[in-house]
Amino acid sequence: MSEAERLNVRKVIRYALVRIGFRMDQTGFQYLSSAIELVIVDPMLIHKMMNGLFKEVCSLYNIEKVASVQGAIRNMIDTTFSNHSFLEVNKMFNTNIFTIDDKPSCGQIIGLIAEYYNLNLYKSEELFQF
């Protein structure tokens, strides 16, 4: 993947996360963003969360404990759920994925945002009209 493609991937990921309601100033935001980027590059990582994906994120940020990354991402999801719902995901995919009471797992959020990118759903957004 070229550097220009990586920058576009990061832009789409951050846009999607902020649109859902995640705050960029939370510690887990960078971890979550990096995890999604890694899954876009290597989709098989979604099947190996703790011993694959989160371990890769740890190596990117020089973190020793995989549970720290997982905990930071989980905390972001919990905080976002308590402040918002995840109904914006339904709008992004134009289908009912979550109800107002659904709190997604780390893997669900990572997988959905990766698919949002892979399916080019972001291209229908006004921000991405080039």
Side-chain angles (χ1 to χ4, degrees):
M1 183 178 288
S2 72
E3 189 60 30
E5 289 173 318
R6 266 194 199 279
L7 289 173
N8 187 52
V9 167
R10 289 179 185 143
K11 181 179 176 181
V12 172
I13 291 169
R14 288 186 175 114
Y15 167 77
L17 292 174
V18 169
R19 181 175 172 187
I20 291 169
F22 290 103
R23 291 186 17 230
M24 292 179 81
D25 62 340
Q26 289 183 289
T27 305
F29 191 90
Q30 292 300 324
Y31 302 155
L32 181 56
S33 181
S34 296
I36 295 166
E37 184 177 345
L38 288 168
V39 167
I40 288 170
V41 173
D42 182 5
M44 294 308 291
L45 284 173
I46 196 75
H47 302 292
K48 301 177 276 183
M49 297 296 282
M50 293 299 278
N51 291 324
L53 181 59
F54 293 152
K55 202 173 204 176
E56 292 274 337
V57 174
C58 283
S59 67
L60 290 174
Y61 293 97
N62 296 320
I63 297 171
E64 293 182 22
K65 295 184 178 181
V66 176
S68 298
V69 168
Q70 191 268 345
I73 293 173
R74 182 77 245 160
N75 182 57
M76 272 192 48
I77 292 170
D78 292 344
T79 302
T80 302
F81 179 74
S82 66
N83 294 329
H84 308 284
S85 67
F86 283 90
L87 295 180
E88 190 63 31
V89 174
N90 295 347
K91 293 177 189 173
M92 292 167 63
F93 283 88
N94 200 27
T95 189
N96 289 326
I97 297 172
F98 296 119
T99 66
I100 197 160
D101 296 328
D102 287 338
K103 181 167 49 171
S105 67
C106 297
Q108 285 175 314
I109 288 295
I110 292 167
L112 283 168
I113 302 304
E115 282 306 302
Y116 178 74
Y117 178 82
N118 289 333
L119 294 172
N120 295 314
L121 296 175
Y122 65 93
K123 289 186 176 179
S124 65
E125 304 288 334
E126 187 176 311
L127 178 67
F128 295 99
Q129 301 298 316
F130 303 117

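All heavy atoms count here, side chains included; hydrogens, waters and symmetry mates do not. The chain is numbered in sequence order, starting from 1.
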For Arg19, what residues pass the side chain to side chain donor-acceptor pair (under 3.5 Å) criterion, not counting sequence neighbours?
Glu88, Glu125
Excluding sequence neighbours, so at least two apart, what forms side-chain contact (heavy atoms from CB on, under 4.5 Å) with Phe81?
Phe86, Lys103
If you group Ile, Leu, Val, Met, Phe, Trp and Tyr by side-chain heavy-atom gaps below 4.5 Å, do Tyr117 and Phe22 land in one group?
yes
Tell me the closest heavy-atom pair linking Pro104 and Ile77, and the distance in Å.
O-CG2, 3.4 Å
Membership question, hydrophobic clusters at under 4.5 Å side-chain separation (ILVMFWY): are Met92 and Leu87 in the same one?
no
For a quick test of reading the model, state the closest non-hydrogen atom pair linking Ile73 to Cys106 and the distance between them.
CG2-SG, 3.8 Å
Nearest heavy-atom approach of Gln30 to Tyr61 is O-OH, 3.3 Å
Heavy-atom closest pair, residues Asp102 and Ile97
OD2-O, 4.1 Å
Taking the side chain from Glu56 and the backbone from Leu53, do they hold a donor-acceptor pair closer than 3.5 Å?
no
Using side chain to side chain donor-acceptor pair (under 3.5 Å) as the criterion, list what pairs up with Asp101, not counting sequence neighbours.
none
Check the pair Met49, Gln70 against side chain to side chain contact (heavy atoms under 4.5 Å, CB included), reporting the backbone distance first and the verdict last.
CA-CA 9 Å; Met49 297 296 282; Gln70 191 268 345; over 6 Å; no
With Asn120, which residues qualify under side-chain contact (heavy atoms from CB on, under 4.5 Å), at least two apart?
Tyr122, Lys123
Heavy atoms from other residues, nucleotides or ligands near CD1 of Ile100 exceed 12 (cutoff 6.0 Å)
no
Return yes if some donor-acceptor pair links the side-chain N/O of Asn90 with the main-chain N/O of Phe98 below 3.5 Å, else return no.
yes
If hydrophobic clusters are built by linking Ile, Leu, Val, Met, Phe, Trp and Tyr wherever their side-chain heavy atoms come under 4.5 Å apart, do Val41 and Met44 end up in the same one?
no
Verify, without hydrogens or angle tests, whether Thr79 (side chain) and Met76 (backbone) share a donor-acceptor contact under 3.5 angstrom.
no
Might you work through the side chain to side chain contact (heavy atoms under 4.5 Å, CB included) test for Thr27 and Tyr31, ending with a clear yes or no?
CA-CA 7 Å; Thr27 305; Tyr31 302 155; 3.9 Å; yes
Just by distance, do the side chain of Asn118 and the backbone of Ala114 share a donor-acceptor pair under 3.5 Å?
yes
Under a 4.5 Å side-chain heavy-atom rule over Ile, Leu, Val, Met, Phe, Trp and Tyr, are Leu38 and Leu7 clustered together?
no
In terms of heavy-atom contacts, Ile13 and Ser33 come closest through CG2-OG, 3.6 Å
Flag yes if more than 12 heavy atoms outside Asn94 fall under 6.0 Å of its CG atom; otherwise flag no.
no
Listed by chain and number, what are the side chain to side chain donor-acceptor pair (under 3.5 Å) partners of Ser68, not counting sequence neighbours?
none
Of all heavy-atom pairs between Leu32 and Ile110, which one has the smallest distance, and what is that distance?
CD1-CG1, 3.6 Å
side-chain contact (heavy atoms from CB on, under 4.5 Å) against Cys58, all qualifying residues, sequence neighbours excluded
Ile63, Val66, Val69
